[in-house]
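From a predicted model like this one, the values you see are computed outputs, not experimental measurements. So that the names make sense, note that chain A is the first sequence line, chain B the second, and so on, each numbered from 1.
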There are 2 protein chains.
Amino acid sequence: MATRLSDVAARAGVSVKTVSNVINDYPHITSQTRAKVEAAITALDYKPNVSARSLRKGRSDFIALAIPEMASPYFAELGAAISRAAKRRGITVLIDQTEGEAAAEKLVLDGMRGQLIDGIIFSPITTAPAKIRLADTAKPLVLLGERHPGGHFDHVAVDSVQASFDATTHLISIGRRRIAAIGVGGGAGTGTVRRKGYRKALKAAGLEHDPALELAGTGYHRDDGAASMRELLALPEPPDAVFCFNDLLALGALRTLADAGLSVPGDVAVVGFDDIEDGRYHSPSLTTISPDKDWLAENAVGVLLDRIAGNGEADRRDLTVPYTLQIRESTNG
Amino acid sequence: MATRLSDVAARAGVSVKTVSNVINDYPHITSQTRAKVEAAITALDYKPNVSARSLRKGRSDFIALAIPEMASPYFAELGAAISRAAKRRGITVLIDQTEGEAAAEKLVLDGMRGQLIDGIIFSPITTAPAKIRLADTAKPLVLLGERHPGGHFDHVAVDSVQASFDATTHLISIGRRRIAAIGVGGGAGTGTVRRKGYRKALKAAGLEHDPALELAGTGYHRDDGAASMRELLALPEPPDAVFCFNDLLALGALRTLADAGLSVPGDVAVVGFDDIEDGRYHSPSLTTISPDKDWLAENAVGVLLDRIAGNGEADRRDLTVPYTLQIRESTNG
DNA sequence: CTGAAAGCGCTTACAG
DNA sequence: CTGAAAGCGCTTACAG
């Protein structure tokens, strides 16, 4: 049988209320009493029962992180950062893989997990952000991913339009003129928003955008990038640069270029988005947009906890994650 | 206020017991009653309170997965597989990053999370497996990682000695004679066990092992592999092949070889261990030992749930994960 | 097959 | 500063 609060109280010769006070760090306890209780806790190796506490308080100190897939490096790195940020505040993160299924995403929005969790950080991929509504009973929610007008939730994201503008402008600045984009059809608005920045940069440089150079693909993985790059190389007039809307696409594209015997950046320059570790070690290393993931994690958790703490009526917050353009070998050979 | 069981009962015109029976799928309920109850559940959008259920039943249907770091691709892929396997059985997985800290690993072993979880799947990296003991109050535990004699727990792992033997023998079979090993000092026995297979293969082929060719490094990441490879290249007589004890080390080594202008596998052949997706897309693609991660996940979860279900006294189980040697460009240019 | 009641282990007004 | 008691929302013997 596990040790209970009352066992500790009995051993310390105080009431359960006093033990509870010590555990929850309430004031007005003599250091003598505290010491007695702490000794009993140690002696009995007492651990509070989370279920009971959560049932009574209506708070569990668990939050959920709902992401498309944890095996995808960007989400793995993000999940690690969010877990760390939460742990620092005594919060545990439950990671939920939606695998981009609408049904799973709906479950998230329905306030999954039978009220165990206190709130959700949600990175949607199938559900359009504008369509997200929560049941009245549902928990506070912070959205990750592209900004969208008229959203109903707190939101933490990179300014994708600006970042994509910067990435494309960098390619222009090294003399490229026929610049393709891969990932235009990406989920939950990513493709649309990043294309906007890409086109804006072309326009600012006086270049026409060529629809034949904008590849949608079916997903955001290495194989999608590899396939899109093959399509581009089959064009009568292939591109001299590619802006891939995430690093995984870029790594797939690099693989196709290597197979084709083309040099990077000599024949084709490549830029990604996310700055996953993989790209830093690749040969050639990958130029990419590097969002500050620790900042993102820290703030997503912070905003969510604020909301949980009761600022239900406060204004919706919209935080913009700092980023840098990391110039590496794939554009700077 | 959230809907409670009693609200459902009231609306359906039955007792709470009956509602509970329906939810928990107990027999002896007329289909009429069941229909009434289900209608009420739907109408009220009722979700059972997990904390209350868990407090009462003493089971939460949560298990923990404790791994060194979720941003490491192998663990990310494994975590994804284990989450999926658990979800299929109605179990939720809590992922715990120990970051290889002894203190965090100790917390795991102390039966962390105040009894919320029903059991633990643990991949130790700092704590020597032989040293693992659990408090009496602790939960069932399944160990991942290297096998060790005299262990006290269920265990699921690749036969690393055999797999390392196969990897090394493959290098010998393509004509290499000066074969280095990177990762010899790896945590929780991995380095030792894989070196054993490596040496065994050399011996079987009549080759001496050369201590100068066995690199310990400080970790199992890309930068460790890159650094170790630099050391090897600085040798008076560099190797013509390297067996890296995981793929991350191998990818780091490949980067160093690329920087040095050496050809792979022409000058140096490289083999890894884990078969992470990264290695499949790298140029050159990475030859590696590929453990069946889905098999591992399925069985780790299965064994743990068996144990939770009450086979506390049953014999300790020792499952061996199937693997294949995936021959790719890094040894087969 | 169903109902009334106890109890899982906490926290928290309420008295003192 | 401390104690006795209620109650969070379930499940489960126990009666009927």
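Using a 4.5 Å cut-off on side-chain heavy atoms (C-beta onward), B/I308 and B/L305 make contact. Residues A/V156 and A/T320 are not in side-chain contact: their nearest non-hydrogen atoms beyond the backbone lie 4.5 Å or more apart. Two residues are said to be in side-chain contact when any heavy atoms from C-beta on lie closer than 4.5 Å; A/R89 and A/V301 meet this criterion.
Straight-line distance between the P atoms of C/dC1 and C/dA5: roughly 24 Å, to the nearest whole Å. Going from the P atom of D/dT2 to that of D/dA6 covers 22 Å, rounded to whole Å. Taking atom P on both nucleotides, C/dC10 is separated from C/dC14 by 23 Å, rounded to a whole Å. Taking atom P on both nucleotides, D/dG3 is separated from D/dG7 by 22 Å, rounded to a whole Å.
A/D118 places a side-chain N or O within donor-acceptor distance of the main-chain N or O of A/D61, the cut-off being under 3.5 Å. Listed for the A/Q97 side chain is a donor-acceptor partner under 3.5 Å among the backbone atoms of B/A80. A distance-only check finds no donor-acceptor pair linking the side chain of B/D45 to the backbone of B/T42 [under 3.5 Å]. Checking side-chain atoms of A/E77 against main-chain N and O of A/E277 turns up a donor-acceptor pair under 3.5 Å.
Atom CG in B/L44 sits about 14 Å away from atom P in D/dG9, given to the nearest Å. Rounding to whole angstrom units, CZ of residue B/R56 and P of C/dA5 are separated by 16 Å. Taking atom CG of A/N49 as the reference point, atom P of D/dC8 lies 18 Å away to the nearest angstrom. Atom pair A/Q32:CD and D/dC1:P shows a separation of 11 Å (rounding to whole Å applied). Taking atom CZ on B/R59 and atom C1' on D/dT12, their separation rounds to 16 Å, with Å as the unit. Put simply, NZ on B/K47 is 19 Å from C1' on D/dC8, counting in whole angstrom units. Taking atom CZ on A/R34 and atom C1' on D/dT2, their separation rounds to 15 Å, with Å as the unit. D/dT11 atom C1' lies 14 Å from atom CG of B/D61, rounded to whole Å.
Near-neighbour residues of DNA chain D inside residues 10-18 of chain A, defined by a heavy atom below 4.0 Å, number-ordered: A/V14, A/S15, A/K17, A/T18.
Distance from the side chain of A/K57 is smallest for C/dT11 among the nucleotides D/dT2, C/dT11, D/dT11. Among the nucleotides C/dG9, D/dT2, D/dC10, the one closest to the side chain of B/L5 is D/dC10.
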Nucleotide pairing, DNA chain C (Watson-Crick or G-U, distances under 3.5 Å), in dot-bracket with [ ] and |: |||.||||||||.|||
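Among the heavy atoms of the strands, none lies under 4.0 Å from B/S6.
OP1 and OP2 of D/dC8 both lie 4.0 Å or more from every side-chain N or O belonging to A/S54. Using a 4.0 Å cut-off, some side-chain N or O of A/S20 falls inside it from OP1 or OP2 of C/dT11.
Taking B/D154 as the reference, B/R307 meet the salt bridge (Lys or Arg N to Asp or Glu O under 4.0 Å) condition, with sequence neighbours excluded.
With values rounded to the nearest 0.5 angstrom, A/D96 atom CG is found 7.5 Å from A/L94 atom CG.
In terms of position on DNA chain C, the residue among B/T33 and A/I23 whose nearest nucleotide sits closer to the 5' end is B/T33. Residues B/A52 and A/R53 each lie close to DNA chain C; by heavy-atom proximity, the contact nearer the 5' end of the strand is made by B/A52.
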Salt bridge (charged side-chain N to carboxylate O under 4.0 Å, His left out) evaluation trace for B/D315 with B/R317: CA-CA 6 Å; B/D315 275 356; B/R317 287 205 265 161; over 6 Å; no
